[in-house]
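Quick notes on the structure that follows.
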Amino acid sequence: MLDLQALRNDLAAVAARLSLRGYVLDSAKFMQLESDRKSIQVRTQELQARRNSSSKRIGQAKAKGEDTTAIMKEVANLGDELKQLETRLSEIQQELNAFLAVIPNTPHESVPPGKSEADNLEVRKSGHIPIFDFVVKDHVSLGEGLGGLDFETATKISGARFSLLKGGLARLHRALAQFMLDTHTEQHGYTETYVPYLVNADSMRGTGQLPKFEEDLFRVPRLMGEGVENFYLIPTAEVPVTNIVRDCIVPLEQLPLKFVAHTPCFRSEAGSYGRDTRGMIRQHQFDKVEMVQICHPDTSYQSLEALLGHAETILQKLGLAYRVVKLCSGDMGFSSALTYDIEVWLPAQNTYREISSCSNFEAFQARRMQARFRNAQGKTEFLHTLNGSGLAVGRTLVAVLENYQQADGSIIIPEVLKPYMGGLELLR
RNA sequence: GGAGAGGUGGCAGAGUGGUCGAAUGUACUUGACUCGAAAUCAAGCGUACCGCAAGGUACCGUGGGUUCGAAUCCCACCCUCUCCGCCA
């Protein structure tokens, strides 16, 4: 959520920044809602004040045993108008909230303007793109050749966009997640967390998935008395982990909070029907190791650089080539103020593919979550939240398979993973 | 699944229809005392919104209702705890 004060004080400036990312702010509607809200609120509070003082006088009179019919008559007609106004006021406030809830974050000033992926800015490249003296196979051929990747059975069990791993590949997948978690906890100072995979709607609203992106989620309805309460399968650990601080005032000295979690992620992939249909690249269920930082507004951009570095470290240790891009204004996610993507080299696709996304949300999520700290003056202020994949496990597996393949279809185990593979050197 | 208890300010804990945004204790902040600290004493100490201000409004798990007036009464729901049963 954007800062309501900013909208009130400088609507045009906010609208201009939003237009950079292709969002057209309905300024007229906002001004209308605001002025309605204001006039009705003033009138409502006026009547409430009158009712309160009259009621108080009735109480005092009754205590003295005096007759109260005169005062009661005064108040008698207040009720209806007041009730109407109160209803109207809460309607308007709901409209205003609904209006605010679907406005994306404003991009940070350093974000390159642009419309699509094509306008993203390459920040740096790292590692060496491997050269093969044979025709490379993609991860599907490699995995199936090794007998460890079985999409046919996964489709039977669940449907399209699910995968079944077996044997060495399943272990390699687990090894990757373990390696990432250990690196972030032991070398980067993150606290490991184990979190719920089903969350409530408040949590989804807190991080910005709701109300706008319900169609991207798997919803799990649950009967609750008369009605239904919805759970949602998490699309990323960002949701449960960031919501740790929802409705919290975090003591200043505890900042920054750094959490890491390894979870499955569930995405409906509505609207991406034709894309990446082959292989593990785009699945309804995939594992991800996610880093989250909750920090002071003054240091959030330093934290973002650090967090990006933590994700890069994983790729460096795995010996994979990658590049870092800064997303342009039109390609950023709803809640983000600034996002770096890390793209890993995939030989079979002869290109870089996204494997991590690291974002600073500034106070956008914190405002939705009421996540605050108390500043030196004792006033509450909104925290800044950040997160980044460190990394997407499934795609990392794809990258390892493709980059470490040999002519006979076997896979060399990267040095850092050997301890997690019981010393195994080669997957065949 | 059955039975019971309970959800009030950072915490503890009063409050069963009126002067209650809420006693009291504790924590915290400031001042006094002190070389300093402890103890003691005094004052302050929730959040949001409207207003230049004075001041006003809302919030006692959530949502509805009754009433001139609700933390307090009624209804529904959610959550927590205890016991029994079942279960990884």
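Per chain, numbering begins at 1; letters A, B, ... match sequence-line order.
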Could you go through nucleotides 59-61 of chain B and list every protein N or O atom that sits under 3.5 Å from one of its N or O atoms, giving the distance for each pair?
none

Please tabulate the protein-to-nucleotide N/O contacts below 3.5 Å involving nucleotides 17-21 of chain B, giving atom names and distances.
unit_1 : atom_1 : unit_2  : atom_2 : d
B:G18  : O6     : A:Lys62 : NZ     : 3.4
B:G18  : N2     : A:Ser55 : O      : 2.7

Using a cutoff of under 3.5 Å, can you pull out all pairs of nitrogen or oxygen atoms linking the protein to nucleotides 8-12 of chain B, with atom names and distances?
none

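In this structure, B:A76 forms a base pair with B:U62, meeting either the Watson-Crick or the G-U wobble geometry with both donor-acceptor distances under 3.5 Å. Under the Watson-Crick or G-U wobble criterion, with both distances below 3.5 Å, B:U40 is paired with B:A32. Shown here, B:C68 forms a base pair with B:G18; the pair counts as Watson-Crick or G-U wobble because both key distances fall under 3.5 Å. Base pairing analysis places B:C83 opposite B:G2; the two distances defining the Watson-Crick or G-U wobble pair are each below 3.5 Å. With a cut-off of 3.5 Å on both pairing distances, the Watson-Crick or G-U wobble partner of B:A12 is B:U24. Under the Watson-Crick or G-U wobble criterion, with both distances below 3.5 Å, B:G51 has no partner in any strand shown.
Comparing the same atom, C1', in B:G25 and in B:G18 gives a spacing of 27 Å after rounding to whole Å. Nucleotides B:G10 and B:C78 have their P atoms positioned 26 Å apart, rounded to a whole Å. Annotation: B:A23 and B:G44 have their P atoms spaced 12 Å apart (nearest Å). Distance noted for atom C1' between B:G17 and B:C60: 15 Å (whole Å). Spacing of P atoms, B:A5 relative to B:C20, comes out at 31 Å, to the nearest Å. When the C1' atom is used for both B:G21 and B:C49, the distance is 15 Å, rounded to whole Å. Comparing the P positions of B:A58 and B:A70 gives an interatomic distance of 9 Å, to the nearest angstrom. When the C1' atom is compared between B:G61 and B:C83, the two are found 24 Å apart, to the nearest whole Å.
Counting only N and O atoms by type, the side chains of A:Gln365 and A:Thr207 include no donor and acceptor under 3.5 Å apart. The closest side-chain donor-acceptor pair between A:Tyr340 and A:Glu312, if any, does not fall under 3.5 angstrom. With hydrogens and angles left out, the side-chain atoms of A:Glu362 and A:His384 include no donor and acceptor closer than 3.5 Å.
Regarding A:Gln93, its CD atom lies at a distance of 16 Å from the P atom of B:U57, rounded to whole Å. Across the protein-nucleic acid pair, A:Leu4 atom CG and B:A48 atom P stand 13 Å apart, rounded to whole Å. One can place CD of A:Glu46 at 18 Å from P of B:G55, the figure rounded to the nearest angstrom. In this structure, A:Gln48 atom CD and B:A48 atom P are separated by 19 Å, rounded to whole Å. Straight-line distance from the CD atom of A:Glu86 to the C1' atom of B:G65: 14 Å, rounded to whole Å. Rounded to a whole Å, the CZ atom of A:Arg43 is 18 Å from the P atom of B:G56. Separating the CD1 atom of A:Ile92 from the C1' atom of B:C49 is a distance of 15 Å, rounded to the nearest angstrom. Rounded to whole angstrom, the span from the CD atom of A:Glu381 across to the P atom of B:U47 amounts to 14 Å.
With B:G51, B:G56, B:U66 as the choices, the nucleotide that has an atom nearest any side-chain atom of A:Gln45 turns out to be B:G56.
A:Arg43 and A:Glu81 are joined by a salt bridge, as a carboxylate oxygen and a charged side-chain nitrogen come within less than 4.0 angstrom of each other. Under a 4.0 Å N-O distance rule, the pair A:Arg278/A:Asp138 qualifies as a salt bridge. Of the charged side-chain nitrogens involved, at least one lies within less than 4.0 Å of a carboxylate oxygen, so that A:Asp276 and A:Arg353 count as a salt-bridged pair. Using a cut-off of 4.0 Å between Lys/Arg side-chain N and Asp/Glu carboxylate O, A:Lys166 and A:Asp150 are scored as salt-bridged. Ion pair A:Glu425/A:Lys418 flagged as a salt bridge, since at least one NZ, NE, NH1 or NH2 atom sits closer than 4.0 Å to an Asp/Glu carboxylate oxygen.
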Task: Stepwise ring pair (Phe, Tyr, Trp, His ring centres under 6.0 Å) test for A:Tyr194 and A:His262 - done: CA-CA 7 Å; A:Tyr194 171 80; A:His262 165 221; 9.9 Å; no
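The two residues A:Gln283 and A:Glu269 have their closest heavy-atom pair at O-CG, 4.2 Å.
Nucleic acid contact class of A:Thr44 (heavy atoms, under 4.0 Å, all strands): none. Across all strands shown, A:Arg372 has heavy atoms under 4.0 Å from sugar-phosphate atoms exclusively, and none from any base. Residue-level contact check: A:Arg8 touches the backbone only, with heavy atoms under 4.0 Å from sugar-phosphate atoms and none from bases.
Remark: aromatic rings of A:Phe334 and A:Phe213 are close, center separation under 6.0 Å.
Listed pair A:Asn52 / B:U57 meets the phosphate criterion, a side-chain N or O lying under 4.0 Å from OP1 or OP2.
Legend: residues meeting side chain to side chain contact (heavy atoms under 4.5 Å, CB included) with A:Arg428, ordered by chain and number and at least two apart, are A:Asp408, A:Ser410, A:Leu426. Shown here are the side chain to side chain contact (heavy atoms under 4.5 Å, CB included) partners of A:Asp26, two or more places apart in sequence or in another chain: A:Ala28, A:Lys29, A:Phe99.
Nearest-nucleotide positions on RNA chain B for A:Arg37 and A:Ala49 put A:Arg37 closer to the 5' end. Between A:Ser53 and A:Glu34, the one whose closest nucleotide on RNA chain B sits nearer the 5' end is A:Glu34.
Listed by first then second residue, pairs satisfying ring-ring contact (aromatic ring centres under 6.0 Å, His included) with a partner in residues 143-165 of chain A read A:Phe162-A:His284, not counting sequence neighbours.
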